[in-house]
Student: 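Mind having a look at this structure? Questions to follow.
Naming: A, B, ... by sequence-line order, numbering from 1 per chain. The figures here come from the full heavy-atom set of this structure, side chains too, leaving out hydrogens, waters and symmetry mates. Predicted model, so just to flag it, every value in this text is computed and none were measured.
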2 protein chains.
Amino acid sequence: MESDIVGRRERKRLATHHALRAAALRLGAERGIRDVTVEEIATAADVSVRTFYDHFPSKEDAIIGFDAWRVDQLRDALRDRPATEPPLEALRVVMRRLFDESSGEWPLRMRAINSDPALLGRMFVSFIGYERALVEVIAERTGLDPNDNPYPALVTAVATAAFRASMTTARASGGSMDAAATFDGAVALLAAALTPPEGPSPC
Amino acid sequence: MESDIVGRRERKRLATHHALRAAALRLGAERGIRDVTVEEIATAADVSVRTFYDHFPSKEDAIIGFDAWRVDQLRDALRDRPATEPPLEALRVVMRRLFDESSGEWPLRMRAINSDPALLGRMFVSFIGYERALVEVIAERTGLDPNDNPYPALVTAVATAAFRASMTTARASGGSMDAAATFDGAVALLAAALTPPEGPSPC
DNA sequence: TGCACTAATTGCACGTTGTGCAGTGAGTGG
DNA sequence: CCACTCACTGCACAACGTGCAATTAGTGCA
């Protein structure tokens, strides 16, 4: 899965990284992010506070945790989708993976977000970086200049809107709804109505 | 415009409120929000640091500044739109006002956001509250249960996606594009493709 | 094996953020 | 004129986030 672990050093670093995230996730879900200090997270992961900040810029990022390398990962995944696939569907497939990849973390993440809705915002913030990368690839696929034509930015924005809406409604339902399934449904609803750039008029 | 100013006390409070926002906006646009401390903002507005925190929870909020009362304002505005108007168009009209109302502040706000993209995120965060209220009204208009049917949340998410996309592209163009006009165009593009809830199939 | 080299971790210091609390003074209403 | 309310203020304090230098473990080469 991971690009082969190169050495013991890198392996240990990943271990502390994971331990910090797990601790932040667990504590954040248990007591709410506001009542958890960075010191507690670091202690739970058995490292110093200073080390925490070498891995995450803030405790919120440790919980939301969309690292920079995921951007590349997502971009490559979108590039690998067949060229014949409609942009929105391609976006759905690769974004859908965000739910599946760290599926074990999502329940805790949702509980943490429930404790402080501002975390949901932080998450949407991290989407900005994703959107930028995705818009770039969509522009390649469609051959449109993203600075000239709003279509790439719009399709991507619509896809993330579906992602956000599914997150929000899943949260509103108190966890009774599956965010991933809701996301698929939302995209399907949009796909039925949205059309590719060539024909601006739907019918 | 404002619900009549009741007394001198309230008037003075609004004055300091405005002075703080103006100072934050000006300094943030000039030097970037990261290089401006709350103390500087407070000093520029000739009040104490503690007073600043009586008006805004953080310097970012002073710049982005979507107060709670605006939520009610926006909700009422949406309720006042004719029932025959398509949901997306109604959303466009009321959201469009966000650009016009404090039009004088937008140039400064854009420059501040340019200095630190995280501010754009903070702005999107504040949209969550707006979306919640708007979804509620859309649910009323369409007679759909927002917890049961994803349509209200989706239309609203799509509308704010257009808002966000227009903000982002306007920022990317370095201010050469008009965010408000771009917003209108984006919504028009979407409106041509999206259809009301009754008929899920566009044709 | 021995020896530089790199990088993760750590402690320390420091400025900044955000909040609770009590006091002051101006504005308000009877 | 007299309570009463409330914006503003200073103070203290916990927590956040970062720069810097030292330590220690892992890495690569002779």
Student: Going by ring pair (Phe, Tyr, Trp, His ring centres under 6.0 Å), name the pairs with one or both residues in residues 102-121 of chain B, residues two or more places apart or in two chains.
Tutor: B:Phe99-B:Trp106

Student: Choosing from D:dA15, D:dT18, D:dT9, which nucleotide comes nearest the side chain of A:Thr37?
Tutor: D:dA15

Student: Of the non-hydrogen atoms in A:Ala23 and A:Ala44, which two are nearest, and what is the gap between them?
Tutor: CB-CB, 3.9 Å

Student: Rounded to the nearest Å, what distance is computed from the CD atom of residue B:Glu39 to the P atom of nucleotide D:dC11?
Tutor: 13 Å

Student: A:Arg31: what forms a salt bridge (Lys or Arg N to Asp or Glu O under 4.0 Å) with it, not counting sequence neighbours?
Tutor: A:Glu40

Student: Using five base pairs at each end, measure the axis-to-axis angle across the helix from C:dT1-D:dA30 to C:dG30-D:dC1 and round it to 10 degrees.
Tutor: 30°

Student: Could you list all N or O pairs between the protein and nucleotides 27-30 of chain C that sit under 3.5 Å apart?
Tutor:
from: C:dG27; atom 1: OP1; to: B:Lys12; atom 2: NZ; distance (Å): 2.8
from: C:dG27; atom 1: O3'; to: B:Arg9; atom 2: N; distance (Å): 3.3
from: C:dG27; atom 1: N2; to: B:Arg9; atom 2: NH2; distance (Å): 3.3
from: C:dG27; atom 1: N3; to: B:Arg9; atom 2: NH2; distance (Å): 2.9
from: C:dT28; atom 1: OP1; to: B:Arg8; atom 2: N; distance (Å): 2.7
from: C:dT28; atom 1: OP1; to: B:Arg9; atom 2: N; distance (Å): 3.3

Student: Could you pull out all residues at least two apart from A:Asp145 that satisfy salt bridge (Lys or Arg N to Asp or Glu O under 4.0 Å)?
Tutor: none

Student: Filter on salt bridge (charged side-chain N to carboxylate O under 4.0 Å, His left out), then keep only pairs touching residues 106-119 of chain A, sequence neighbours left out; what's left?
Tutor: A:Glu105-A:Arg109

Student: Please lay out, stage by stage, how A:Arg13 and A:Glu10 fare under the test salt bridge (Lys or Arg N to Asp or Glu O under 4.0 Å).
Tutor: CA-CA 5 Å; A:Arg13 174 170 175 80; A:Glu10 183 68 8; 5.4 Å; no

Student: Tell me every residue that passes side chain to side chain contact (heavy atoms under 4.5 Å, CB included) with A:Glu60, counting only those two or more places apart in sequence or in another chain.
Tutor: A:Ser58, A:Leu119, A:Arg122

Student: May I have the distance from B:His18 (atom NE2) to D:dA7 (atom C1'), rounded to whole angstrom?
Tutor: 19 Å

Student: Would you list the pairs meeting ring pair (Phe, Tyr, Trp, His ring centres under 6.0 Å) in which at least one residue belongs to residues 6-33 of chain B, sequence neighbours left out?
Tutor: B:His17-B:His55, B:His17-B:Phe56

Student: Indicate, with a heavy-atom threshold strictly under 4.0 Å, whether B:Val49 touches base, sugar-phosphate, or nothing.
Tutor: nothing

Student: Kindly write out the residues that satisfy side chain to side chain contact (heavy atoms under 4.5 Å, CB included) with B:Ala24, not counting sequence neighbours, or none if the list is empty.
Tutor: B:Ile41, B:Ala62, B:Ile63

Student: For A:Arg11 and C:dA7, give me the distance from atom CZ to atom P, rounded to whole Å.
Tutor: 18 Å

Student: Under 4.0 Å from any atom of DNA chain C, heavy atoms only: list the residues of residues 50-64 of chain A that qualify, in numerical order.
Tutor: A:Arg50, A:Thr51, A:Asp54, A:His55

Student: Between atom CZ in A:Arg34 and atom C1' in C:dG20, what is the gap in whole Å?
Tutor: 14 Å

Student: Quick one: B:Asp35 CG to C:dT17 C1', roughly how many Å, whole number?
Tutor: 16 Å

Student: Who pairs with A:Arg81 by salt bridge (Lys or Arg N to Asp or Glu O under 4.0 Å), at least two apart in sequence or on another chain?
Tutor: A:Glu85

Student: State which residues pass salt bridge (Lys or Arg N to Asp or Glu O under 4.0 Å) with A:Glu39; sequence neighbours excluded, sorted by chain then number.
Tutor: none

Student: Is the shortest side-chain N/O distance from A:Thr16 to OP1 or OP2 of C:dT9 below 4.0 Å?
Tutor: yes

